[in-house]
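Quantities reported herein were computed from a predicted structural model and do not represent experimental measurements.
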There are 2 protein chains.
Amino acid sequence: MRSLTRLLAVLPRKLDADLVRETRLSATDYFVLVHVSEAPDRRMRMTDLAGGAAMSMSGISRVVDRLQKIGLVERERSPDDGRGWDAVLTGAGLQELQDAWVAHLASARAHVFDHLGEVDLDSVADAFERIADPERPSE
Amino acid sequence: MRSLTRLLAVLPRKLDADLVRETRLSATDYFVLVHVSEAPDRRMRMTDLAGGAAMSMSGISRVVDRLQKIGLVERERSPDDGRGWDAVLTGAGLQELQDAWVAHLASARAHVFDHLGEVDLDSVADAFERIADPERPSE
DNA sequence: ACATGTTAGTTGCTTGAGCAAGCACCAACT
DNA sequence: AGTTGGTGCTTGCTCAAGCAACTAACATGT
């Protein structure tokens, strides 16, 4: 437990620092972009985005502000609901996300996977998912 | 990896929320107090505290401000170095820390350990320590 | 059709944390 | 002793994120 709490404090900062150094994206920006990029048509409702990125609506709203300002996403009215907005990944956004993906993968490898040792990845990943989303037992 | 990043986003908030609900301490406050309580004489230099809690000096300085304001620690001049300050746990601090410890343990059990399944705790803890402090291979 | 309630998203305010600049003290050389 | 450089801690500023309050649009009952 002790080691877990330390991990929770240290690792996010390392990953974020690497990403910020290599790209102009924060870890938050990056994960939001990843979610958008994986949605059909590379577009996603703000609310779903908030759920996916485990952030509040206001948080997402401001992240999308930033990303829009630097041209990586656009806001478009939701076709089926006049209140809703979709965040839509632009070409530049896709390009920049791919670059960031490379950087992030290298960083993750260096900080995490190189230290794993004899850990059983599958069972740990399962456990992590249960911890993060306990109400959804194993969908 | 995906599951790990989600864990890093979600778990700290859960643990912190539980602690804040049950006590008047944030997770940061709690971990700082734990470190102080484990030091000899329940006193610890600010710098060491910063290292232990994986925070910046300015961060620690403000946490100790808070804790001092509510009477859980005192600041005392370091005996051997006129620049240094020790954070010293008070009786009230010890008491309140113990209460928080109980709450935190229950919370950790509910959120984490109940979901672990067939994970080998020892190897995972080792791996986490290596990830958090890679320069200290296994002290 | 209209009034009421509910949901999607944004904005004002506050809080917590880091960086950089500053201050106080130590250490080492002359 | 005096100066010069390095260390320990605090403080001003900035930024990211959440909550609460608000607006706009849907949905439902009459």
| said: Students often get this wrong, so: under 4.0 angstrom with heavy atoms, is A:Ser78 touching a base, only sugar-phosphate, or nothing? | reply: nothing
| request: With heavy atoms under 4.0 Å as the rule, sort A:Ser26 into base, sugar-phosphate or nothing. | output: nothing
| note | B:Met46 has its side chain closest, among D:dC19, D:dT10, D:dG12, to D:dT10
| said: Looking at B:Arg13, I'd like to know whether one of its side-chain N or O atoms comes within less than 4.0 Å of OP1 or OP2 on D:dG18. | reply: yes
| said: Heavy atoms from C-beta onward define the side chain here; which of D:dC19, D:dC9, D:dA17 lies closest to that of A:Ser58? | reply: D:dC19
| query | Checking all strands, does B:Met57 fall into the base, sugar-phosphate, or nothing category for heavy-atom contacts under 4.0 angstrom? | reply | base
| request: Apply the test salt bridge (charged side-chain N to carboxylate O under 4.0 Å, His left out) to residues B:Arg21 and B:Asp18: give CA-CA distance (whole Å), side-chain angles for both, the deciding distance (0.1 Å), then the verdict. | output: CA-CA 5 Å; B:Arg21 183 161 0 91; B:Asp18 279 3; 2.9 Å; yes
| For DNA chain C, whose closest nucleotide is more 5', that of A:Arg83 or that of A:Arg62? | A:Arg83
| message | So, OP1 or OP2 of D:dC15: does either fall under 4.0 Å of a side-chain N or O from A:Arg66? | response | no
| query | In this structure, which one of B:Glu74, B:Glu76, B:Glu38 forms a salt bridge (charged side-chain N to carboxylate O under 4.0 Å, His left out) with B:Arg43? | reply | B:Glu76
| query | Are a donor atom and an acceptor atom from the side chains of B:Arg45 and B:Ser78 found within less than 3.5 Å of each other? | reply | yes
| task | Pick base, sugar-phosphate or nothing for A:Arg45, based on heavy-atom distances below 4.0 Å to the nucleic acid. | result | sugar-phosphate
| field | Distance, rounded to the nearest Å, where A:Arg24 contributes CZ and D:dC15 contributes C1' | value | 18 Å
| said: Please find the pair of heavy atoms, one from B:Ala27 and one from B:Leu19, that lie closest to each other, and give the distance. | reply: CA-CD2, 3.8 Å
| Between A:Leu33 and A:Leu72, is any pair of side-chain heavy atoms under 4.5 Å apart? | yes
| Could you give all pairs that pass the ring pair (Phe, Tyr, Trp, His ring centres under 6.0 Å) test and reach residues 31-85 of chain B, with sequence neighbours left out? | B:Phe31-B:His104
| said: Nearest heavy atom decides the nucleotide; on that basis, is A:Ile60 or B:Ala54 closer to the 5' end of DNA chain C? | reply: A:Ile60
| query | So, for B:Ser107 and B:Leu15, which heavy atoms are closest and what is the spacing to 0.1 Å? | reply | OG-CD2, 3.5 Å
| query | What are the bounds, 5' to 3', of the part of DNA chain C that sits under 4.0 Å from heavy atoms of chain A? | reply | C:dT7 to C:dG18
